[in-house]
K.L.:
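I'd like to ask some things about the structure below.
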Amino acid sequence: MSRPRVVIIGAGFAGYRAARTLARLTRDRADITLLNPTDYFLYLPLLPQVAAGVLEARRVTVSLPDTLRGVRLVLGEADGVDLDARTVHYSDPEGGAGSLGYDRLVLAVGSVNKLLPIPGVAEHAHGFRGLPEALYLRDHVTRQVELAAAEDDPAGSAARCTFVVVGAGYTGTEVAAQLQMLTDRLARRHPLPGGVRPRWLLLDVAPRVLPELDERLSRTADRVLRARGVDVRMGTSVKEATRDGVLLTDGESVASRTLVWCVGVRPDPLVETVGQPLERGRLIVDPYLQLPGRTDVFACGDAAAVPDLERPGEFTPMTAQHAWRQGRVAGENVAGSLGLGRRRRPYRHRDLGFAVDLGGVQAAANPFGVPLSGPAAGAVTRGYHLAALPGNRIRVTADWLLDTLLPRQGVQLGLVRAWSVPLDTASPELARVPDGSQRPSAQAGDEPMTHESTHKPEPERRTAAEPGNNQPGGKPAKNQPGGEPAKNQPGGEPARSRPGGEPAAGGPDHPAPGPVKRTDTPDPADRD
């Protein structure tokens, strides 16, 4: 008798945990296949430290083949799912096509950057969802400070040293906190003309930083950021982005060459192709994480709208903590449905608290509801990350220790170009290559707000015919000016402090608009 076939799509927090749980419960009595674009699990909460040069990139990646024994890894991106034929179609990294049959399917495809109908954002901003984006941002910030030091014009130098972050949830707050410290160190090595200093702006339409946290922790983060010179502006967002800067909703024009987009996420566009009922872009599942009427299909993590049994009538938010726990329940329930494990159980949760790393020894945390700040919160935050990491604990600890003893290397490696990491892409975990094989859905310039790329990649193939709720022609996004505030947090910012990434209030029912064409004039002085 042949062994049952289980296919898991996605190796984020939910998919990785589901695969690990299944392998442990089935003990080689099932064929488990994990379909993922990369051969690693990315620990997203530490990504800002990669961008800031605290950690090397491989420290936040965990090898799938090394840690998931008994699981077959297939490198590729899912293009579609045929529920009736029980088949998953995918494209491999070299442009080939393949298909996988299954008896049980786990959809854990995660999420991508959420776009809003703000002119210029898709072309000039960069998100923060994958390792390529973090590596690009580190190079870009370093390059801007170095170019600013060589500027004869103080105004031009100031523009290069002005960095705008949109979204004051977990991601945006940590990015601004970590990178502000990096630019200050770079400026000490590269004196800037005319007394120019690096300037960071953190924007959000919410009334306070980290509104999803206890007010005391929010005040802690706000105080730390302002003490370092970060210009924190609540109730403010971007009205328009250009190659030379951004126009804010309060009417101010800010000259800048850097726009970091951290307003939240939306479910992977693959979710829409499944053809099942959605809730704000997420697949509706029952408390056992199964699709209604499809006992062979499970969904978890950011791809699934899971009923919150602690709050009847609501769905669990798109957070890492939920994704990590749901992955375990999905693995147990898949094994149970095959008669290879314990009985099925519904997904229930208990909030473990939050932790936000503010750089250095500073952090804001409330483990099990106990509010902490300063060095104590910093110790708890780092201890939590070490406990949550599935691997690399010694290497991460060593990097933290070296960062306290040695100066960071302020160099740009040039491994990732701006056109390789467009904001509008279905694959933020992959850098786009010149032939367009990574299938991004928007073209971006060689530098945000600088000049256009000469590469013309293929447009995104996973698109929808109707406008989404946060796209042109649709309803205004609930976390932006003109719309309602997001239910869980302004900008739908996903929780970065809990195993699994960042919390988001959910995404639109349709992906962002298709390819956009740059019309601005290249600036030769900024070319990589």
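Keep in mind it's a predicted model, so treat the numbers as computed, not measured.
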K.L.:
Taking atom CD1 of Ile394 as the centre, does the number of heavy atoms from other residues, nucleotides or ligands within less than 6.0 Å exceed 12?
P.N.:
no
K.L.:
So does Thr162 get a backbone contact from the side chain of Ser256, meaning a donor-acceptor N/O pair under 3.5 Å?
P.N.:
yes
K.L.:
Do the side chains of Asp424 and Arg266 get close enough for a salt bridge, i.e. N-O under 4.0 angstrom?
P.N.:
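A salt bridge links Asp424 with Arg266.
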K.L.:
Taking all heavy atoms of Gly359 and all of Arg228, pick out the closest pair and write down the distance.
P.N.:
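Looking at all heavy atoms of both residues, the closest pair is O-NH2, 3.1 Å.
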K.L.:
Between Leu42 and Glu429, is a side-chain contact (heavy atoms from CB on, under 4.5 Å) present by the stated rule, with each step listed?
P.N.:
CA-CA 9 Å; Leu42 176 64; Glu429 66 273 18; 5.9 Å; no
K.L.:
Check whether any side-chain heavy atom of Leu73 sits under 4.5 Å from a side-chain heavy atom of Leu68, and report yes or no.
P.N.:
no
K.L.:
Are a donor atom and an acceptor atom from the side chains of Thr316 and Gln326 found within less than 3.5 Å of each other?
P.N.:
yes
K.L.:
Contact between Arg197 and Asp184 at the side-chain level, heavy atoms closer than 4.5 Å - yes or no?
P.N.:
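Yes, at least one pair of side-chain atoms sits under 4.5 Å.
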K.L.:
With a 4.5 Å cut-off on side-chain heavy atoms, are Leu116 and Val121 touching?
P.N.:
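With C-beta onward as the side chain, the pair stays apart.
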K.L.:
Does Arg432 use its side chain to pair, donor to acceptor, with the backbone of Trp419 at less than 3.5 Å?
P.N.:
yes
K.L.:
Could you check His140 against Thr258 for side-chain contact (heavy atoms from CB on, under 4.5 Å), going step by step and ending with a plain yes or no?
P.N.:
CA-CA 8 Å; His140 171 75; Thr258 307; 2.7 Å; yes
K.L.:
How far does CD of Glu215 sit from CG of Leu217, to the nearest 0.5 angstrom?
P.N.:
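Rounded to the nearest 0.5 Å, the CD-CG separation comes out at 10.5 Å.
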K.L.:
Should Pro317 and His322 count as side-chain neighbours, where that means a heavy-atom distance under 4.5 Å?
P.N.:
yes
K.L.:
With the side chain counted from C-beta on, respond yes when Arg408 and Val54 share a heavy-atom pair under 4.5 Å apart, and no when they do not.
P.N.:
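With C-beta onward as the side chain, the pair touches.
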K.L.:
Looking at Arg382, I want to see if its CZ is surrounded by more than 12 non-hydrogen atoms of other residues, nucleotides or ligands under 6.0 Å.
P.N.:
yes
K.L.:
Any ion pair linking Asp250 and Arg233 (charged N to carboxylate O, less than 4.0 Å)?
P.N.:
yes
K.L.:
If I take atom NZ from residue Lys239 and atom CD1 from residue Ile118, how far apart are they, to the nearest 0.5 angstrom?
P.N.:
11.0 Å
K.L.:
Which word best sums up how the rings of Tyr43 and His385 line up, parallel for under 30°, tilted for 30 to 60°, or perpendicular for over 60°?
P.N.:
perpendicular
K.L.:
Do Tyr170 and Pro45 make a side-chain contact, defined as non-hydrogen atoms from C-beta onward lying under 4.5 Å apart?
P.N.:
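They are not in side-chain contact.
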K.L.:
Hey, is the main chain of Glu77 close enough, under 3.5 Å, to the side chain of Ser91 for a donor-acceptor pair?
P.N.:
no
K.L.:
For the atom pair OG1 (Thr38) and CG (Leu131), what is the distance rounded to the nearest 0.5 Å?
P.N.:
9.0 Å
K.L.:
Phe163 and Leu137: side-chain contact (heavy atoms from CB on, under 4.5 Å), yes or no, with the steps?
P.N.:
CA-CA 11 Å; Phe163 308 94; Leu137 185 59; over 6 Å; no
K.L.:
Please name the pair of heavy atoms, one in Asp268 and one in Val109, separated by the smallest distance, quoted to 0.1 Å.
P.N.:
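Scanning both residues, the minimum pair turns out to be CB-CG2, 3.6 Å.
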K.L.:
Which heavy-atom pair separates Ser237 from Val205 by the least distance, and what is that distance?
P.N.:
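Reported closest heavy-atom pair: CB-CG1, 3.8 Å.
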K.L.:
CG of Leu135 to CD of Glu56: how many Å apart, nearest 0.5 Å?
P.N.:
9.0 Å
K.L.:
Please determine whether the number of non-hydrogen atoms from other residues, nucleotides or ligands lying under 6.0 Å from atom CG of Asp152 exceeds 12.
P.N.:
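Counting other residues, nucleotides and ligands, CG of Asp152 stays at 12 neighbours or fewer.
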K.L.:
Are side-chain heavy atoms of Trp200 and Thr183 found at a separation under 4.5 Å?
P.N.:
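Counting from C-beta outward, Trp200 and Thr183 do come under 4.5 Å.
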K.L.:
What heavy-atom pair brings Ala187 and Leu192 nearest, and what distance separates the two atoms?
P.N.:
CB-CD1, 4.3 Å
K.L.:
Roughly how far, to the nearest 0.5 Å, is CG of Leu430 from OG of Ser420?
P.N.:
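Answer rounded to 0.5 Å: 11.0 Å.
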K.L.:
Would a distance-only check, ignoring hydrogens and angles, find a side-chain to backbone donor-acceptor pair under 3.5 Å from Asp139 to Leu413?
P.N.:
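Indeed, once roles are kept as given, a pair shorter than 3.5 Å links the two residues.
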K.L.:
Count the heavy atoms belonging to other residues, nucleotides or ligands that lie under 6.0 Å from CZ of Arg58, then report whether that count exceeds 12.
P.N.:
no
K.L.:
With a 4.5 Å heavy-atom cut-off, do Thr67 and Tyr16 have their side chains touching?
P.N.:
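Contact flag for Thr67/Tyr16 side chains = yes.
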K.L.:
Just how far is it from atom CZ of Arg17 to atom SG of Cys300, taken to the nearest 0.5 Å?
P.N.:
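Arg17 atom CZ to Cys300 atom SG measures 11.0 Å (nearest 0.5 Å).
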K.L.:
When you measure from the side chain of Ser218 to the backbone of Val209, do you find a donor-acceptor pair of N or O atoms at a distance under 3.5 Å?
P.N.:
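Checking the backbone N and O of Val209 against the side chain of Ser218, a donor-acceptor pair under 3.5 Å is found.
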K.L.:
Do the side chain of Asn366 and the main chain of Phe354 share a donor and acceptor less than 3.5 angstrom apart?
P.N.:
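Yes; at least one donor-acceptor contact below 3.5 Å.
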K.L.:
May I ask you to decide if Leu46's main-chain N or O and Gln49's side chain share a donor-acceptor pair within less than 3.5 Å?
P.N.:
no
K.L.:
Quick check: closest heavy atoms across Asn392 and Arg59, and the distance to 0.1 Å?
P.N.:
ND2-O, 3.1 Å
K.L.:
Would you please say whether a donor-acceptor pair under 3.5 Å links the side chains of Gln144 and Arg257?
P.N.:
no
K.L.:
With distance as the sole test, does Gln321 use its side chain to make a donor-acceptor pair with the main-chain N or O of Leu352 at under 3.5 Å?
P.N.:
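Present.
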K.L.:
Flag the pair Asp231 and Arg199 as a salt bridge only when some basic side-chain nitrogen lies within less than 4.0 angstrom of an acidic carboxylate oxygen.
P.N.:
yes
K.L.:
Check whether any side-chain N or O of His126 sits under 3.5 Å from a backbone N or O of Val421 as a donor-acceptor pair, and report yes or no.
P.N.:
yes
K.L.:
Using only atom types and a distance under 3.5 Å, with no angle test, would you say the side chain of Arg129 pairs donor to acceptor with the backbone of Val112?
P.N.:
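Judged by distance alone, no pair lies under 3.5 Å.
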K.L.:
Using every non-hydrogen atom in the two residues, find where Val62 and Pro390 come nearest and quote the distance to one decimal.
P.N.:
CG2-CD, 4.1 Å
K.L.:
For Phe13 and Trp324, take the angle between the two ring planes, folded into 0 to 90°, and tell me which bin it lands in: parallel under 30, tilted 30 to 60, perpendicular over 60.
P.N.:
perpendicular
K.L.:
Please walk me through it: do Val60 and Tyr40 pass side-chain contact (heavy atoms from CB on, under 4.5 Å)?
P.N.:
CA-CA 9 Å; Val60 299; Tyr40 60 81; over 6 Å; no
